Amino acid sequence: MPKINHDTRANILKGALQLFLQKGYKDVSFRDIVEETGLSKGAIYHYFASKDELLVAVLEFLVEATKQPVIEQPQNVVKDRESFAELFINDKMAQIHDFRKLMGGKSFKINKLLFFIEAINESPKLIEMVTGLGLQEKAFIQNSFIGLKNNGKIPEGKDPILLADCLHCMLQGTELAVFFLPDDDWVNGVEKMYYKTLNDFFTIISA
């Protein structure tokens, strides 16, 4: 088996990710990746046999590079709505910080929505990956709501698991909407949208 140079592989993945974000998956060729990375086409094929294989590796790399530490038993940490919002949004913003760090602070216009929709639809493995991440987030929200219930922060007679499922659906809509935010104020805009979604939700269930 050929020896894998992890630095070279990581550089290919970073270069491909930047291109996919800029141009969309379908419009990126191996020639583009060669020009972006400065490697030969043969060197890239040494690590990835096809563009589809590269796509899966890029998304796995992105998920791993932005993964945050798992919060064990959030029901024991979340005491009120403020602590839930802080815990949830801090985790989201840490992911964004790690993404920006991964990109080396490079500024470019990115077609974020198109790339991620294309990427997920291209591979059953990516659909499975995204589904698994969604289930993890849903479990975190559900356990956080158990903490809210245990501390009397959920209206009497309302099921915390059902409420958590409703909020999870709302947050999925928010995550789709953030792709349309202007690039020049994207980070601040994301944080504001998450806070607004949480505030709107808790206002509705308290009415």
Side-chain angles (χ1 to χ4, degrees), residues 1-71 91-140 171-187 189-190:
M1 176 179 292
K3 183 178 180 179
I4 294 177
N5 184 318
H6 292 284
D7 288 340
T8 301
R9 187 177 189 275
N11 287 336
I12 295 171
L13 293 173
K14 288 180 183 180
L17 175 59
Q18 290 190 9
L19 288 169
F20 290 157
L21 287 169
Q22 289 172 331
K23 302 176 66 173
Y25 171 72
K26 293 186 182 300
D27 289 335
V28 173
S29 67
F30 261 83
R31 179 183 295 276
D32 293 327
I33 299 168
V34 166
E35 293 177 356
E36 177 72 22
T37 61
L39 298 170
S40 68
K41 191 172 183 179
I44 295 171
Y45 273 120
H46 173 74
Y47 293 97
F48 305 102
S50 67
K51 198 170 82 166
D52 289 347
E53 182 180 314
L54 175 59
L55 172 65
V56 173
V58 163
L59 267 292
E60 289 175 337
F61 174 71
L62 177 59
V63 168
E64 188 61 31
T66 59
K67 184 183 351 182
Q68 303 305 305
V70 175
I71 299 172
D91 185 77
K92 290 292 184 182
M93 299 313 292
Q95 288 181 343
I96 291 172
H97 172 77
D98 287 348
F99 171 75
R100 288 166 64 86
K101 184 178 178 181
L102 179 66
M103 294 291 96
K106 184 176 180 180
S107 177
F108 47 79
K109 185 72 176 178
I110 57 178
N111 194 340
K112 299 175 286 285
L113 179 63
L114 177 61
F115 165 62
F116 284 106
I117 289 178
E118 282 184 337
I120 292 168
N121 287 335
E122 284 295 324
S123 168
K125 187 172 183 179
L126 291 180
I127 293 174
E128 181 181 350
M129 183 194 310
V130 171
T131 300
L133 292 171
L135 290 175
Q136 290 176 19
E137 182 171 287
K138 185 175 181 180
F140 165 78
L171 287 166
Q172 287 181 313
T174 299
E175 290 182 351
L176 185 63
V178 300
F179 286 113
F180 294 98
L181 289 170
D183 285 344
D184 57 357
D185 194 37
W186 192 64
V187 176
V190 170

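It should be emphasised that the depicted structure is a prediction, and the values quoted were computed from it without experimental measurement.
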Could you walk me through whether Phe140 and Asp91 pass side-chain contact (heavy atoms from CB on, under 4.5 Å), step by step? CA-CA 11 Å; Phe140 165 78; Asp91 185 77; over 6 Å; no
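- Judged by the 6.0 Å distance and 45° axis criteria, Lys51 is not positioned over the aromatic ring of Phe20.
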Output, in order, the C-alpha distance, side-chain angles, deciding distance and verdict of side-chain contact (heavy atoms from CB on, under 4.5 Å) for Thr8 and His46. CA-CA 11 Å; Thr8 301; His46 173 74; over 6 Å; no
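- Considering CD of Glu64 and CG of Leu102, their distance stands at 11.5 Å, rounded to 0.5 Å.
- The distance from the OH atom of Tyr47 to the CG atom of Leu13 is 10.5 Å, given to the nearest 0.5 Å.
- Summarising the geometry of Val63 relative to Met129, their closest heavy-atom pair is CG2-SD, 3.7 Å, with the distance given to 0.1 Å.
- In this structure, NZ in Lys14 is found 13.0 Å from CZ in Arg9, a value given to the nearest 0.5 Å.
- With a 4.5 Å cut-off on side-chain heavy atoms, Val130 and Leu59 do not count as touching.
- Asn11 contributes atom CG, which lies 8.0 Å from atom OG1 of Thr37 (distance to the nearest 0.5 angstrom).
- Looking only at side-chain heavy atoms (C-beta outward), Val58 and Ile12 stay at 4.5 Å or farther from each other.
- For Glu60, the side chain to side chain donor-acceptor pair (under 3.5 Å) partners two or more places apart in sequence, or in a different chain, are Lys125.
- How far CZ of Phe48 is from CD1 of Ile33: 9.0 Å, rounded to the nearest 0.5 Å.
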Val187/Met93 under side-chain contact (heavy atoms from CB on, under 4.5 Å): CA gap, chis, key distance, verdict: CA-CA 8 Å; Val187 176; Met93 299 313 292; 3.5 Å; yes
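- In this structure, the separation between CG on Leu19 and CG on Asp27 is 11.0 Å, given to the nearest 0.5 Å.
- The two residues Ala65 and Asp98 come nearest to each other via the heavy atoms O-CB, 3.8 Å.
- The two residues Phe30 and Ile44 have their closest heavy-atom pair at CE2-CG2, 3.3 Å.
- With respect to the salt-bridge test (charged N to carboxylate O, under 4.0 angstrom), the residues Lys92 and Glu137 qualify.
- Between the side chain of Asp32 and the backbone N or O of Val28 there is no donor-acceptor pair closer than 3.5 Å.
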